[in-house]
2 protein chains.
Amino acid sequence: MNDRPEDAPQRRSKGERTRARILDSAAELFSRTGFNAVSLRDIAAHAGMTHAGLLHHFPGKEAMLLEVLARRDRTDARTVFPGIVRPGTPARASDRLRGLVDLVVRNSRTHGMVALYTKLSAEATDPGHPAHHYFKERYRVVRAELTELVGALRAEADPPADVEPAVVAVQLLALMDGLQTQWLLEPEAVPMEALVRAFLAGLGLAPDDGAGRSPVSA
Amino acid sequence: MNDRPEDAPQRRSKGERTRARILDSAAELFSRTGFNAVSLRDIAAHAGMTHAGLLHHFPGKEAMLLEVLARRDRTDARTVFPGIVRPGTPARASDRLRGLVDLVVRNSRTHGMVALYTKLSAEATDPGHPAHHYFKERYRVVRAELTELVGALRAEADPPADVEPAVVAVQLLALMDGLQTQWLLEPEAVPMEALVRAFLAGLGLAPDDGAGRSPVSA
DNA sequence: GTCTATATCGCGATAGAC
DNA sequence: GTCTATCGCGATATAGAC
């Protein structure tokens with residue numbers, strides 16, 4: 001999934017480095033075919049071990065999935081929703097909106113991460129899926145954060161935008177998810193960044209940077 | 001998946017009835033956990049047979065999946081995209097838009113059908129998935145049909161709507177898909193019909209019926 | 001900390017009786 | 001048209017050597 005390992009492995013014990021390597025492999029393979037279709041042997045082979053070696057570091061397959069998800073969110077949420085990671089951190093609404101668009105751009109370059117979340121969020125709608133509660137809570141939090149963001153944007157906008165924050169939040173989140181499915185099937189047909197920008201612009205909420213020069217570094 | 005069997009089983013040979021019963025069971029189970037996680041033995045037990053009995057009617061698991069999908073589309077596409085089923089059939093754009101909203105309403109009542117497509121479309125983004133080409137083509141066709149529909153609506157609208165049909169088509173399809181994922185996780189938080197109507201209204205493309213009395217019979 | 005070896009299970013698919 | 005029986009495979013998981 002990741003184009004590069006998640007956490008720098010230098011200053012860690014051997015066990016921690018091995019754990020990280022295993023999670024990298026699991027994330028990579030889950031992103032290809034989802035959770036159910038990946039075996040411990042697949043992950044072990046990708047990480048250069050046997051499946052028995054894996055189970056020395058993790059109690060089972062489910063535990064690995066949940067760690068993969070938690071690690072990814074820890075890394076990714078910082079940009080758009082600093083409130084999740086460091087509550088109380090101030091950030092201008094327009095900056096956060098630009099961060100959101102940057103996230104879309106970054107997603108367009110990391111097929112694996114998009115595939116991971118698309119497949120797992122769909123699988124996890126099943127109440128019996130190990131990640132069901134994780135995704136339910138994740139969507140709740142993201143909707144709340146987006147609602148707050150849209151509310152702040154509405155106040156900053158000139159002219160003031162006539163939008164209902166909670167409605168736009170659900171729609172925007174749904175739009176981004178749905179675009180990802182189509183983009184995975186046929187990337188050329190779905191320019192995600194432009195389509196998200198067009199949606200925001202239609203509401204009078206366009207980010208205040210140039211459409212072409214959005215920095216991906218964020 | 002279906003709250004009721006797909007085709008009325010009365011006037012059919014025993015073989016055809018058995019086939020239909022098997023497909024009902026397969027659809028039901030695929031809608032719960034996707035394709036990969038369901039076994040032939042699961043389907044057989046649900047249909048009241050052994051897995052060997054299944055394989056008298058279908059050459060394999062893949063063939064069953066593709067038949068489930070094709071049967072569902074055959075039934076469902078008629079309402080919104082008569083062009084798919086009977087090319088050349090004329091239908092006013094506003095009627096087709098109402099048909100689309102009715103489809104959203106009907107989906108809100110059939111959890112299983114929504115779960116089936118949400119899980120399978122996500123799984124099928126994997127190029128190696130048996131339904132990959134099916135979904136790729138399906139999205140192409142639906143995007144084209146929606147583009148045509150939005151174009152026709154733009155012409156009929158009063159005042160004329162300022163929208164780009166191809167852009168709105170991708171966005172609308174993505175919105176509906178994304179809403180379904182959130183709705184499956186937490187139905188109360190996602191009133192799909194209202195959110196789709198709000199999106200259309202924002203573009204000046206609202207369907208011309210009352211918001212509350214949309215008939216589901218379509 | 002990672003290995004080999006093994007136990008136990010369920011899979012998709014086939015062959016052949018009835 | 002459906003069954004039982006069986007094949008070959010790969011799954012998760014455990015035990016114990018090194």
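Every chain is numbered from 1 and lettered A, B, ... according to where its sequence line falls, protein lines coming before strand lines.
Using a 4.0 Å heavy-atom cutoff across all strands shown, Leu55(A) reaches at least one base atom of the nucleic acid.
Across the protein-nucleic acid pair, Phe35(B) atom CZ and dC11(C) atom P stand 14 Å apart, rounded to whole Å. Atom C1' of nucleotide dC9(D) and atom CG of Asp42(A) are separated by 14 Å, given to the nearest angstrom. Computed from coordinates, the Asn36(B) CG to dA11(D) P distance equals 13 Å when rounded to whole Å. Look at CZ on Phe58(A): it is 13 Å from P on dG1(C), rounded to the nearest Å. Between the P atom of dG10(D) and the NZ atom of Lys61(A) lies a distance of 16 Å, rounded to the nearest Å. The nearest whole Å value for the distance from the CE atom in Met64(A) to the P atom in dA11(D) is 13 Å.
Listed by first and then second residue, the ring-ring contact (aromatic ring centres under 6.0 Å, His included) pairs that reach into residues 13-34 of chain A are Phe30(A)-Phe35(A), sequence neighbours excluded.
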Side chains of residues 172-185 of chain B: which donor-acceptor partners sit under 3.5 Å, not counting sequence neighbours?
from: Asp177(B); atom 1: OD2; to: Tyr139(B); atom 2: OH; distance (Å): 2.6
from: Gln182(B); atom 1: OE1; to: Arg143(A); atom 2: NH1; distance (Å): 2.8
from: Gln182(B); atom 1: NE2; to: Val170(A); atom 2: O; distance (Å): 3.4

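The side-chain hydrogen bond (donor to acceptor under 3.5 Å, both in side chains) test applied to Asp42(A) returns Ser39(A), not counting sequence neighbours. Applying the salt bridge (Lys or Arg N to Asp or Glu O under 4.0 Å) rule to Arg138(A) yields the partners Asp73(A); only residues at least two apart in sequence or on another chain are considered. Arg140(A) meets the salt bridge (Lys or Arg N to Asp or Glu O under 4.0 Å) test with Glu137(A), Glu186(B); sequence neighbours excluded.
Note on Glu123(B) versus Lys119(B): no salt bridge recorded, every NZ/NE/NH1/NH2 to OD/OE distance being 4.0 Å or above.
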Could I get a table of every N or O pair under 3.5 Å where one atom is in the protein and the other is in nucleotides 2-6 of chain D?
from: dT2(D); atom 1: OP2; to: His57(B); atom 2: NE2; distance (Å): 2.5
from: dC3(D); atom 1: OP2; to: Thr50(B); atom 2: N; distance (Å): 2.8
from: dC3(D); atom 1: OP2; to: Thr50(B); atom 2: OG1; distance (Å): 3.0

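Residue Ser39(A) places at least one side-chain N or O under 4.0 Å from the OP1 or OP2 atom of dA11(D).
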